[in-house]
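Below: the structure, in structure tokens.
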Amino acid sequence: MYAIVDCNSFYCSCERVFQPHLDEKPVVVLSNNDGCIISRSDEAKAIGVGMAGPYFLAKPLIDKHGVEVFSSNYNLYGDMSRRVMDTLKSLAGENNVEVYSVDEAFVNLHFIPQNKLREFALELRQIVELWTGVKVSVGVAPTKTLAKLANNISKKHKIKTGGVAVLETEEKIRKALALTQVKDLWGVGGRSAKKLFDLKIYTGWDLRQMPEEWARKNLGGVVGVRLIKELHGKEAIMMDEYKDKKMIATTRMFGNAVSDLADIKEAVATYTARAAEKLRRQNSAAGVINVFVVTNEKEETTAPHFRHGPTYSSHIILPYPTSQTNELIKPAVALAGQLYQQGKKYKKAGVILSSIVPDDSIQGNLFENQKSVGRFLMEQIDNINFSMRNDVVKFASSGTKRDWKMRKDFQSDRYTTRWEELYKVK
DNA sequence: TCTGGGGTCCTAGGACCC
DNA sequence: TCTGGGGTCCTAGGACCC
């Protein structure tokens with residue numbers, strides 16, 4: 001049996017831990033650049049604030065009801081996430097916890113007897129809240145897909161379920177599936193949902209009746225087969241141990257559209273430095289660097305209400321894999337220079353590192369002289385930047401003025417990761 | 001005026017090989 | 001005019017996730 005533990009309105013909950021007067025009040029958290037709404041408290045949902053909608057559209061509603069608004073504070077959320085995950089690991093054992101996202105983890109419950117499942121799930125829930133201040137919902141079932149389904153149920157009926165739903169019998173699974181629309185199943189996105197709807201397959205139970213071979217042909221091949229199996233309670237998606245990332249990206253919208261090559265280069269250099277830090281944190285090196293820019297040109301698109309300009313991208317295969325900021329910034333900035341077109345306005349840029357290998361197994365290139373600033377210097381920079389403020393030490397090409405930096409008009413303090421922003425009791 | 005930012009896995013099809 | 005039958009590796013793009 002598996003549990004999925006999911007933090008309720010995670011980003012909002014993090015803000016509330018340090019501003020308890022906002023409990024029971026409507027709260028929302030915005031994406032970078034204060035663009036979209038990415039987390040809503042139950043009270044905000046009740047008022048009718050939509051998910052992932054643009055902030056400016058929801059603003060009248062938000063003002064009318066006095067909804068508390070926060071810019072995203074990823075330093076805080078990242079640290080709170082670590083605390084929640086550490087708590088789960090201490091209760092269930094490190095090897096039984098798979099961190100699935102910033103606010104979700106699967107827990108393998110093989111060590112819990114059938115008649116104690118609910119008890120243990122409730123304990124997880126209570127202790128996480130006690131130790132971190134974050135409320136979670138727990139779904140328990142024979143497979144990950146069904147556990148996600150149980151979790152949806154526990155969330156939808158918080159009061160009745162106590163935040164915990166356990167699907168341990170065929171009867172309960174059947175009922176739950178019959179009450180669930182296919183689009184709400186884990187692994188069914190918009191495209192498949194529409195296809196299924198056209199085929200008159202409406203509920204999870206309907207879908208479970210379909211043969212695996214049908215799913216192989218009509219529902220994304222092996223992906224569809226796995227889904228059907230999981231709905232039958234046959235485990236097809238196993239616990240995953242932690243794996244290094246195969247791709248590392250740092251991309252941002254600009255606060256304002258920029259047209260200067262110097263600004264673009266500055267942004268790309270900064271993103272590269274950030275991506276290189278992520279790379280070093282997992283002791284990897286990258287063999288390919290990809291840079292892209294997005295203009296604000298109008299473009300014919302299938303989604304006219306959500307207009308991005310065209311994306312221009314290009315990549316370089318590095319002479320040898322590296323994780324050193326200076327070795328990555330040079331080609332990245334060069335790519336930015338190639339992509340840049342005078343007279344266009346740019347609203348976004350990004351850097352993607354791929355062909356990632358462990359950095360202790362870097363294959364030397366016979367023809368390149370691998371003289372390096374050395375990992376030592378990188379480590380020192382990372383340590384200083386981490387323990388002090390961000391970016392006390394940075395590369396000159398990252399610039400210093402950053403006109404292109406994003407908007408963050410409502411940011412809370414980084415209570416748990418910066419001494420000078422520590423939560424003040426009095 | 002203003003619309004995140006990450007990731008994963010899978011498949012199809014092309015290039016190339018014998 | 002006729003034109004096999006495998007393989008592998010790589011990439012782009014689709015679909016999905018939070």
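Letters A, B, ... are given to chains in the order of the sequence lines, protein chains preceding strands, and every chain is numbered from 1. This structure is a prediction, so every number in the text was calculated from the model and none was measured.
A/Arg216 comes within contact range of no nucleotide atom at all, as no heavy-atom separation falls under 4.0 Å. Residue contacts for A/Lys148: at a heavy-atom cut-off of 4.0 Å it reaches the sugar-phosphate backbone alone, with no base atom in range. Here A/Asn32 lies in heavy-atom contact (under 4.0 Å) with sugar-phosphate atoms only. Within 4.0 Å of A/Lys245, counting heavy atoms only, lie sugar-phosphate atoms of the nucleic acid but no base atom. At the heavy-atom level, A/Tyr100 lies under 4.0 Å from the strands shown only through sugar-phosphate atoms. Residue-level contact check: A/Leu185 touches the backbone only, with heavy atoms under 4.0 Å from sugar-phosphate atoms and none from bases. Counting non-hydrogen atoms under 4.0 angstrom, A/Arg252 reaches the backbone sugars and phosphates but no base. Residue contacts shown for A/Gly190 are limited to sugar-phosphate atoms, with no base heavy atom under 4.0 Å away. Within the nucleic acid shown, A/Val102 has no heavy atom closer than 4.0 Å to any nucleic acid atom. Across all strands, A/Lys195 comes closer than 4.0 Å to no nucleic acid atom at all (heavy-atom distances). Using a 4.0 Å heavy-atom distance criterion, A/Asp103 is classed as a sugar-phosphate-only contact. Among the heavy atoms of the strands, none lies under 4.0 Å from A/Leu57. Residue A/Thr250 is in sugar-phosphate contact alone, with no base atom involved, counting any heavy-atom pair closer than 4.0 Å across all strands shown.
Residue A/Ala150 comes nearest to A/Gly139 through the heavy atom pair CB-CA, 3.7 Å, listed as atom of the first residue, atom of the second, then distance.
What separates CG of A/Asn218 from P of C/dA15 is a distance of 14 Å, to the nearest Å. A/Lys194 has its NZ atom 13 Å from the P atom of C/dC16, to the nearest Å. Regarding A/Phe254, its CZ atom lies at a distance of 16 Å from the P atom of B/dC2, rounded to whole Å. Between A/Asn151 atom CG and C/dC18 atom P there is a gap of 10 Å when expressed in whole angstrom units. Atom NZ of A/Lys183 is separated from atom P of C/dC16 by 14 Å (rounded to the nearest Å). Atom CD1 in A/Ile38 sits roughly 10 Å away from atom C1' in C/dC18 (whole-Å rounding). Taking atom CD1 on A/Ile352 and atom P on C/dT11, their separation rounds to 14 Å, with Å as the unit. One interatomic measurement links the two molecules: CE of A/Met247 to C1' of C/dG13, which rounds to 14 Å at whole-angstrom precision.
Of all nucleotides present, only B/dG5 satisfies the Watson-Crick or G-U wobble test against C/dC18, with each distance under 3.5 Å.
For A/Glu104, whose side chain is taken as the heavy atoms from C-beta onward, the closest listed nucleotide among C/dC18, B/dG4, B/dG6 is C/dC18. Each of B/dG4, C/dA15, B/dT8 was ranked by its minimum atom distance to the side chain of A/Arg191; first place goes to C/dA15. Nearest nucleotide to the A/Lys246 side chain, out of B/dT8, B/dG6, B/dG4: B/dT8.
A parallel orientation is assigned to the rings of A/Phe254 and A/Tyr271, their planes being inclined by less than 30° (bins at 30° and 60°). Ring geometry for A/Phe18 against A/Tyr415 counts as parallel: the plane angle stays under 30°, on a 0 to 90° scale with 60° as the upper cut.
Heavy atoms of other residues, nucleotides or ligands lying less than 6.0 angstrom from CZ of A/Phe197 number 12 at most. A/Arg82 CZ: more than 12 foreign heavy atoms inside a 6.0 Å radius.
Using a 4.0 Å cut-off, some side-chain N or O of A/Arg226 falls inside it from OP1 or OP2 of B/dC10. Between A/Lys348 and B/dG4, a side-chain N or O to OP1/OP2 separation shorter than 4.0 Å is absent. Within the structure, every side-chain polar atom (N or O) of A/Ser192 is placed at least 4.0 Å from both OP1 and OP2 of C/dA15.
Between A/Ser31 and A/Ala249, the residue anchored closer to the 5' end of DNA chain B is A/Ser31, taking for each the nucleotide with the nearest heavy atom. Nearer the 5' end of DNA chain B, as judged by each residue's closest nucleotide, is the contact made by A/Gly35, out of A/Gly35 and A/Gly221.
Judged purely by distance below 3.5 Å, without hydrogens or angles, the side chains of A/Gln411 and A/Ser71 never pair a donor atom with an acceptor atom. Remark: the A/Thr250 side chain and the A/Lys278 side chain contain an N/O donor-acceptor pair separated by less than 3.5 Å.
Only the C1' atoms considered, B/dG4 is 15 Å distant from C/dC17, to the nearest whole Å.
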